[in-house]
Each structure stands twice: as C-alpha cells, then as structure tokens.
Amino acid sequence: MKEKKLPEGLHRDTLAVRTGLPASQWGENSEALYLTSGFVQPDAATSAERFASGEGYTYARTSNPTVTSFEKRLAALEGTEAAIGAASGMGAILMMIMGLLKAGDHVICSRSMFGSTLNLFGKEFAKFGVETSFVSQTDAAEWEAALRPTTKLLFAETPTNPLTDVCDIRALADLAHGAGALLAVDNCFCSPALQRPTELGADLIIHSGTKYLDGHGRVMAGAICGPSKLIVDVFGPVVRTAGMALAPFNAWVVLKGLETLGIRMQAQSANALAIARWLEAQPTVKRVYYPGLASHPQHELAMRQQSGNGGAVLSFDVHGDDPDTARANAFHVINSTRVVSIATNLGDTKTIITHPGSTSHGRLTETQRQAAGIGQGLIRLAVGLDHFDDITADLQRGLGTLA
Ligand SMILES: Cc1ncc(COP(=O)(O)O)c(C=O)c1O
C-alpha cells in the first residue's frame with residue numbers, strides 16, 4: 001500500500017489522532033499493538049549494526065514500534081522535537097536526573113511538588129550526592145537566591161498537586177538560562193491540551209501518562225519531551241541501560257488516550273470550574289483552590305499561561321479548629337460519597353476524591369507537609385465526566401451534615 005505523508009501545519013486535534021508510525025503492510029486504521037520483547041534480525045551484520053547504532057528495533061528495553069508511535073504523538077502535541085516513554089511519571093523523573101546530573105550537581109525545586117517527587121529529590125538523589133534546594137512555588141526571587149555555580153536544573157510543576165499553585169514558567173526559564181541551567185516542567189495537571197511549557201521557554205517536560213494522557217485510569221506510564229539532542233542522545237542510553245522502559249501495551253493504551261485528550265480536558269475543566277464555584281458557596285468549606293477562580297492568588301498568571309478554565313483538579317479545605325477535627329471532617333465528607341471514587345489517582349473520567357495529608361503526601365514529615373501547605377482538612381477532587389449535579393449532590397451529603 002502506498003504510504004500517504006501527512007501535510008505540514010495540521011491542527012493539534014488532527015495530530016492527536018494521526019501522528020505515529022506508518023501502518024503495517026496490513027493497513028490497519030487503528031495503531032497496531034506490537035507485543036514483542038525481541039525483534040528478528042535479517043542477518044548477523046544488520047543485528048550488529050542496529051545494536052551499535054541503536055537504530056531499528058532489536059529489544060523492547062531500547063525501543064518498540066508501539067512505544068515509538070506514542071512518543072511521536074506526544075511530541076507533536078507538546079510541540080517538541082522528540083519524546084521518550086518511561087514506565088511511570090516517577091520513572092521519567094528518575095531518567096531525567098540520571099541523564100543530566102552527577103554527584104556534586106545542584107537542583108532547585110519547588111517545595112510544593114508532588115509528594116513522591118519531594119522524596120525522590122530530598123532522600124534518594126541526596127544519597128548519590130545530588131543536592132536539592134526546595135523553594136517557594138510562586139516567588140521567583142527565592143529561586144534566584146538559591147542559584148549556585150553548580151546548579152544544573154530548575155524543576156517546577158504547575159499547577160501543583162494538590163494545591164494548584166501556579167508558577168511563572170517564562171520567569172523561571174529566563175532565570176535558568178541566565179545561570180546556564182535547564183528548566184524542566186512537570187505538565188501532568190494541564191497536559192499539552194491546556195499548557196505547552198516549551199512555548200514559554202522550558203527545556204524539558206515531564207509527564208505522568210498515568211493521568212490525563214491515558215485519561216481512563218488504566219495503566220502506568222510516563223514520558224519526557226524535549227529536544228532530540230537530549231531525548232535521543234542523553235535519555236535514550238539511560239532507558240536502554242537502566243530499564244525504566246514503557247511497556248508496549250501501556251504505550252498503546254496511552255497512545256489511544258491521546259486521541260480524546262483535547263475534548264476530555266475541555267469537558268473536565270468546565271465541570272471543575274462549575275464545581276469550584278459551587279464549593280466556594282458552601283458554608284462548611286473554608287477555602288477552595290482552583291486556578292480558574294478569581295480568588296486564586298495566581299488566577300491571572302494561570303489564565304495567561306494555560307488555556308481552558310484552569311484544569312480539572314481542585315482542592316478545598318473543610319472547617320476544623322484543630323488538625324484532628326479538620327481530619328475527622330475531611331474523612332466524613334469523603335466517606336459520605338456514594339458516586340465519586342475514593343482513590344489516589346487523577347486524570348480519570350471518573351471523579352476521584354482524595355485526602356492528600358494521609359495518602360499522596362502521607363509519607364512527608366509534618367514539617368514538610370506544613371511547608372507545602374497541606375492541612376488535615378484538605379480534600380482533593382480530580383473532576384471527571386460525572387454530571388455536575390451528581391458530583392455536587394455526592395459532596396453535599398457530607399458537607400451538609402458537618403457539625
Ligand atoms: C504532578 C505529578 N507528577 C508526577 C507523578 C508521578 O506519576 P506516576 O504515578 O505515573 O509515577 C504524579 C502522580 O500522581 C503527579 O501528580
């Protein structure tokens with residue numbers, strides 16, 4: 001069959017359903033799933049040549065055509081030269097650090113990052129001599145003050161999990177580049193449908209594909225997007241050696257998830273904005289955290305650097321005079337739900353309710369949790385496609401019966 005080359009300049013919606021490797025000789029319209037760990041070589045010389053150059057397919061720890069299709073599609077959506085898959089979002093961060101840093105290097109990271117990211121930098125990388133300074137998510141002056149001659153990387157997540165704090169990507173990129181460092185942005189909360197960090201100067205983008213890229217809560221996946229000289233030459237050899245490769249089946253699931261990313265993000269964000277506004281009007285809710293609300297401290301910045309309403313994750317504090325009462329109240333609201341799922345994931349079509357203080361951020365010390373602003377009365381809602389009326393009725397069961 002004659003291969004048709006896609007024309008230049010296609011819209012992102014089209015790229016989301018079309019980008020990938022060409023179809024096989026059978027001409028399948030839906031991308032093939034290549035469930036194979038090894039690839040038969042035509043002869044020993046070709047095999048030797050492919051092992052030496054890393055080109056062509058040899059072994060799935062190095063690459064697999066289904067994984068390549070996912071990488072190409074994600075890069076097209078993020079607008080980067082290339083992307084590389086990883087077994088999970090945390091695997092992608094591990095790959096980035098193994099590829100970029102050595103003992104003695106320094107990283108600056110927001111202290112409001114996802115709990116496992118804080119642990120990875122604060123505990124695990126510290127064991128190997130990579131030092132991290134944790135600074136304010138929103139105060140660029142703190143990032144600047146933390147710069148050292150050994151600083152190689154600034155790493156931000158925006159909006160943050162779970163408080164949805166937004167940092168200024170352009171300002172941090174300028175700071176990093178002025179110091180000869182790179183800026184990496186975890187784009188998990190917005191996905192390329194709502195925010196493209198490289199257009200604002202970021203060098204690398206981290207993804208937990210487990211979240212919106214899959215979109216249906218099915219598989220673990222991760223990725224780094226960026227320039228070919230880093231993705232192919234630096235991170236490719238790391239994944240080949242260290243083995244945090246994305247499984248072909250998971251790549252196929254996420255590849256198909258990307259096809260509906262744009263419409264899912266729009267619908268889930270619209271739902272989230274409506275719920276955030278409803279929560280703000282509830283007497284037993286102390287505060288709502290959602291970038292789409294005018295009350296959010298970085299509302300204007302968020303509306304400038306993201307599209308959509310502010311994403312599909314929001315958090316809120318319930319009343320409680322002391323941490324024990326606040327926790328009991330949060331548990332009451334969570335336990336009173338009958339529709340939304342009590343789980344720790346986000347990015348699913350099913351709305352998920354979480355108590356960050358005892359789950360995603362439960363392994364942090366109380367001091368770290370307080371520094372990150374995560375109180376015991378905090379509840380995170382990852383809004384899915386459940387109807388607004390059903391979600392609010394579900395929340396009202398608990399909110400309306402709080403003392
Ligand atoms: C912002 C953010 N980054 C990274 C991760 C880690 O991703 P994964 O669970 O796929 O390892 C998560 C997981 O919740 C997250 O919320």
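What's counted below: heavy atoms across the whole structure, side chains too, no hydrogens, waters or symmetry copies. When a ligand or atom number is given, it counts from 1 through the structure's own listing order. For reference, positions follow the sequence shown, starting with 1.
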**Study point:** Whether over 12 other heavy atoms sit under 6.0 Å from Arg277 CZ
**Key:** no
Check your understanding: For ligand 1, is there an N or O atom under 3.5 Å from any N or O atom of Asn161?
Key -> yes
Check your understanding: Is the closest N or O pair between Cys188 and ligand 1 shorter than 3.5 Å?
Key -> no
As an exercise, identify every atom of ligand 1 less than 4.0 angstrom from a heavy atom of [X].
X      : value
Ala221 : 10 (O)
Asp186 : 1 (C), 2 (C), 3 (N), 4 (C)
Thr210 : 8 (P), 10 (O)
Gly89  : 7 (O), 8 (P), 10 (O), 11 (O)
Ser208 : 5 (C), 7 (O), 8 (P), 10 (O)

Check your understanding: Are any of the side-chain heavy atoms of Gln376 and Asp322 separated by less than 4.5 Å?
Key -> no
Exercise for review: Give a yes/no verdict on whether any heavy atom in Met113 is under 4.0 Å from an atom of ligand 1.
Suggested key: no
Check your understanding: Ser360 near ligand 1, heavy-atom distance under 4.0 Å?
Key -> no
Point to revise | Presence of salt bridge, Arg287 and Asp317, under 4.0 angstrom | key: no
Revision key, fill the gap. Scanning both residues in full, the closest heavy-atom pair of Met113 with His361 reads O-NE2, 3.7 Å
Point to revise | Worked check of side-chain contact (heavy atoms from CB on, under 4.5 Å) between Asn345 and Lys211 | key: CA-CA 7 Å; Asn345 198 18; Lys211 308 296 175 344; 3.1 Å; yes
Study note, to complete from the structure: heavy-atom search around atom 14 (O) of ligand 1 in the protein gives Lys211 NZ, 2.7 Å
Review point. Which residue and non-hydrogen atom of the protein lie closest to atom 11 (O) of ligand 1, and at what distance in Å?
Key: Met90 N, 2.9 Å
Point to revise | Residue part near ligand 1, for Ser116, under 4.0 Å between non-hydrogen atoms | key: neither
[X] side, atom [atom1]; [Y] side, atom [atom2] - distance, nearest 0.5 Å:
X      : Y      : atom1 : atom2 : result
Leu175 : Thr151 : CG    : OG1   : 9.5 Å
Tyr34  : Ser24  : OH    : OG    : 4.5 Å
Asp186 : Leu204 : CG    : CG    : 12.0 Å

